[in-house]
Amino acid sequence: MNPDIPEKLLKPYDPVAEEAGIYQQWEASGYFTPENMIKDGLTASDAEAFTIVLPPPNVTGHLHMGHAMMITVEDILIRYKRMQGFRTLWLPGTDHAAIATQSKVEKEIQKAEGKSRHDLGREELLKRVNAFAQDSHDTIVNQMKVMGASCDWTREAFTLDEIRTKAVRTVFKKMYDDGLIYRSHKIINWDPKGQTTISDDEIVYEPRKAAMYTFKYSKDFPIAISTTRPETKVGDTAVAVHPDDTRYTEYVGKEYDVVFCGVPIHIKIITDEAVEKDFGTGALGVTPAHSMTDWEIADRHNLPRPQVINEYAKMMVGDERLMGKKVLEARETIVSWLKEENLIEKEEVLDQNVATAERTGGIIEPLPKLQWFIDVNKPFTLEHSSLETIASGSQTTLKEIMRATVGTGQIDIIPEYFTKTYFHWIDNLRDWCISRQIWYGHRIPVWYKGDEIYAGVEAPKNDDSGDEWKQDEDTLDTWFSSGMWTFSTMGWPEQTEDLKIYHPTSVIETGPDILFFWIARMILMTGYVLGDIPFKTIYLHGLVRDAQGKKMSKSLGNAMNPLDIAAKYGADAGRFALIAGTTPGTDSKISEDKIKGYKHFANKIWNITRFVLSNHDEGSSTAVLTDSDQALLDAWHEVAQKITTDLDAFRLHIAAEDMYQYIWTILADKILEESKLLLASDDLAIKHSRQKLLLTLLSETITVLHPFMPFVTESIWEILPHHDSLLMTEKWPTS
RNA sequence: GCGCGAUUAGCUCAGUUGGUAGAGCGGCGCUUUUACACAGCGAAGGUCGGGGGUUCAAGUCCCUCAUCGCGCACCA
């Protein structure tokens, strides 16, 4: 045995013993920061930039396998491009995640101390949330390092820090001045559990059985209506029928006064296209204040919109039977009243989707409220535009910006078929409600004094009049600040070098579940603020499911922690398992068996190294390859070229598979096996040629494998002869 | 209701522009041979969901049906 072989190479590969030390070396080198690569001549100073901003994980706890997938894909792309000589920046950060974080902390406090946020007060609650967020942040950063993420930690950002706050306020003011942000009293999605408004996208529909009652408001009322929510009927101001529905023509335009369970209501019979003739009786009891569709009908017919349900989902009209009752109790009361009065014509059970709040699970109660909105359809002038289909100085809308940039070659979505889903969403997009009645987040930068309103980056100065400016109590939807992530992370509104060099970013990589929440909003924000795209390619990975195909979740107890995987099988094995056999946009299953298989792969490479090094002679370095050895090297180069092509086309899974195949079945099973004979040859030319070939193949294969399995490859690199530098900064072997 | 995806070996999945079906895991048999039993060698295993069409040629393109999943809309 060659005496130069390090002790550790004689044993099976031990990832746990290697990985932490390797990461420290990388970090200490400073080469995650592209400027340091340039300073040391490892990247050309005029190299083209390649940038990814990390989708900031929510500071709500720790990372799960979905994050692990995201980090793996991004780190592969980043390490690949860095080795190819690009000026490569991976910019990390975390998201304060407003409602998600606050509701999590509120739950914990409620559980541990039995206190609500109102018992604590704004200041104390924020203190607690901040402490929790800091804790989560530290956990998350540690997890990312364990996974080998080569991000530039010197540039780390937080959606709620000082620089990002300035960016948020600057954009808010600009939109406000352009009339794109407006305050209006209109119907919104109210979450009675979280005591806040939420946007349409934060609603999750849950299928349920519901009783639908068909009845008349009173014995004398001519038309029967159907509803699953009789308690809202005290807020009705009209009955609408389809204009083509001849059954009710004689009543259209007439008005009726009735007393409905003690509440006097005034009903006008109207026609509206929104009504479906075939549903129920074909007549719709219009409750403007508590139904989105009905609100719009009321708009068209100028109907009154009395609010009858309050923010606690309790009745706010009627006598003692209704007033102050929860909606479900009120429903029972009204149903029994209808029965007593003999007004019910039909009672049936139907399937219905109940709107619930994504974060709290509360049942959404649509009600009118004074809130802030972004107008997605209002024309404005886009002063400076780099967008291909919108000229500088021309009129456009936010919706148009979102539409014009995708699918035109400026922004590509991978997989491509998600482009359709994206457009479908835009077609149905309504104004975006951005105010939230929670405390953790960016407070709305608007101040009030009497009838005066001031929107600005800083609070207005108080004068001597004694009246003080008061800031709006609400905070902004968390996606308002994450929508600015690609440029707020680079220091905007300052005109920084980073913005010039690294923006627009190259790739955004995330799950399809936040295509609308986040991706679309980044396109909106960046188009509006910079007149540019935020990224060129959207890479959507699929959901990571457990071995049975179930969604991983804490409550199911099937969640895997990336840290446990790394401790058991090594981060490399976990990374490889997340890529191999998966395809963008498609859900994948992962099991410990699969990960174990790739731990074996890491060990295989380790053993190949042992064989190559223990058969190596220094004298071989100047050897000339024999024709057959040269042919083997050429064959590898073809494989490497194909892997390069696949990486460029974001076919990471194919590249990974080819790498695995080549190393195991070609390099180990064939080349190493036949080498045993050749290395025993007395012909030094043959022997040295083979030695040189083996060392070359080993160096080059671990170089190409490095983006996928950075730890084991770096570990091997440092024990190969003549290598003082880090593999991480090595040049990619193909053009 | 509209749209999107999936359906390939026992299991998990690849298969880029149409050119004689692939991998991993598992199972089976053999092998302790200058790396590796976290291994090697070998064989087995698929009418690529059903049906129809285009083509010299279809897992791949078109139509249709079925099952599963997802998104959007409706949700009176």
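Naming convention: chains lettered A, B, ... in sequence-line order (proteins, then strands); numbering from 1 in each chain.
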Engineer: Could you check which of B/rG71, B/rA23, B/rA14 has an atom nearest any side-chain atom of A/Q661?
Structural biologist: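 Selected nucleotide (nearest to the side chain): B/rA23.
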Engineer: When the ring centroid of A/Y256 is compared with that of A/Y251, is the distance short of 6.0 Å?
Structural biologist: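 No, the ring centres sit 6.0 Å or more apart.
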Engineer: At under 4.0 Å between heavy atoms, how does the protein contact nucleotides 32-45 of chain B? Give one character per nucleotide, 5' to 3', with B, S or -.
Structural biologist: --BBB-BSSS----
Engineer: Looking only at the side chain of A/I654 (C-beta and beyond, no hydrogens), which of the listed nucleotides B/rA14, B/rG24, B/rC74 gets closest?
Structural biologist: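 Nearest listed nucleotide: B/rA14.
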Engineer: How are the rings of A/Y217 and A/F221 set relative to one another: parallel (under 30°), tilted (30 to 60°) or perpendicular (over 60°)?
Structural biologist: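 The rings of A/Y217 and A/F221 stand perpendicular, inter-plane angle above 60°.
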Engineer: Could you grab the distance from atom CG of A/L10 to atom NZ of A/K8, nearest 0.5 Å is fine?
Structural biologist: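 Going from the CG atom of A/L10 to the NZ atom of A/K8 covers 11.5 Å.
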Engineer: Among A/Y569, A/W664, A/Y660, exactly one meets ring pair (Phe, Tyr, Trp, His ring centres under 6.0 Å) together with A/Y598. Which residue is that?
Structural biologist: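 That would be A/Y660.
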Engineer: What does A/S291 touch in the nucleic acid at a heavy-atom separation under 4.0 angstrom: a base, only the sugar-phosphate, or nothing?
Structural biologist: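 Answer is nothing: A/S291 stays at 4.0 Å or more from every strand.
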Engineer: Which whole number of Å gives the distance between the P atom of B/rC11 and that of B/rG49?
Structural biologist: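 Result for the P pair: 14 Å, nearest Å.
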Engineer: Do A/I364 and A/W190 come within less than 4.5 Å of each other through their side chains, counting heavy atoms only?
Structural biologist: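 Answer no - side chains too far apart.
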Engineer: Only Watson-Crick and G-U wobble pairs with both distances less than 3.5 Å should count. Give RNA chain B in dot-bracket notation, marking inter-strand partners with |.
Structural biologist: (((((((..((((.....[..))))..((((.......))))......(((((..]....))))))))))))....
Engineer: What parts of residues 228-236 of chain A reach RNA chain B, counting only heavy atoms under 4.0 Å away?
Structural biologist: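 Residues of residues 228-236 of chain A that come under 4.0 Å of RNA chain B are, in numerical order, A/T228.
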Engineer: To the nearest 0.5 angstrom, please state how far the OG1 atom of A/T287 sits from the CG atom of A/D236.
Structural biologist: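 Atom-to-atom, A/T287:OG1 and A/D236:CG are 3.5 Å apart.
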Engineer: Side chains of A/W432 and A/D201: is there a donor and an acceptor less than 3.5 Å apart?
Structural biologist: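 Their side chains do not contain a donor-acceptor pair, so the 3.5 Å distance test is not met.
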Engineer: May I ask you to say what A/V275 touches in the nucleic acid, namely base, sugar-phosphate or nothing, with a heavy-atom cut-off under 4.0 Å?
Structural biologist: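 Since a base atom lies under 4.0 Å of A/V275, the category is base.
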Engineer: If you look at every strand shown and take non-hydrogen atoms under 4.0 Å, does A/A224 touch a base, only sugar-phosphate, or nothing?
Structural biologist: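 Result for A/A224 = nothing.
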Engineer: Choosing from B/rG71, B/rC75, B/rC13, which nucleotide comes nearest the side chain of A/T421?
Structural biologist: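 Given the options B/rG71, B/rC75, B/rC13, the side chain of A/T421 is closest to B/rG71.
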Engineer: Check the phosphate of B/rC25 against A/K594, side-chain N and O only, distance under 4.0 Å to OP1 or OP2. Yes or no?
Structural biologist: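 For B/rC25, neither OP1 nor OP2 has a side-chain N or O of A/K594 closer than 4.0 Å.
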Engineer: For the atom pair CG (A/L284) and NE2 (A/H242), what is the distance rounded to the nearest 0.5 Å?
Structural biologist: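 Taking CG in A/L284 and NE2 in A/H242, the distance rounds to 12.0 Å.
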Engineer: Write down the distance separating the C1' atoms in B/rU60 and B/rA14, rounded off to the nearest Å.
Structural biologist: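 The same atom, C1', in both gives a distance of 14 Å.
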Engineer: Between CG of A/L9 and CG of A/L613, what distance do you get to the nearest 0.5 Å?
Structural biologist: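 Nearest 0.5 Å value for the CG-CG distance: 6.0 Å.
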Engineer: If we take the C1' atom in both B/rG22 and B/rU16, what is their distance in whole Å?
Structural biologist: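 B/rG22 and B/rU16 have their C1' atoms separated by 15 Å.
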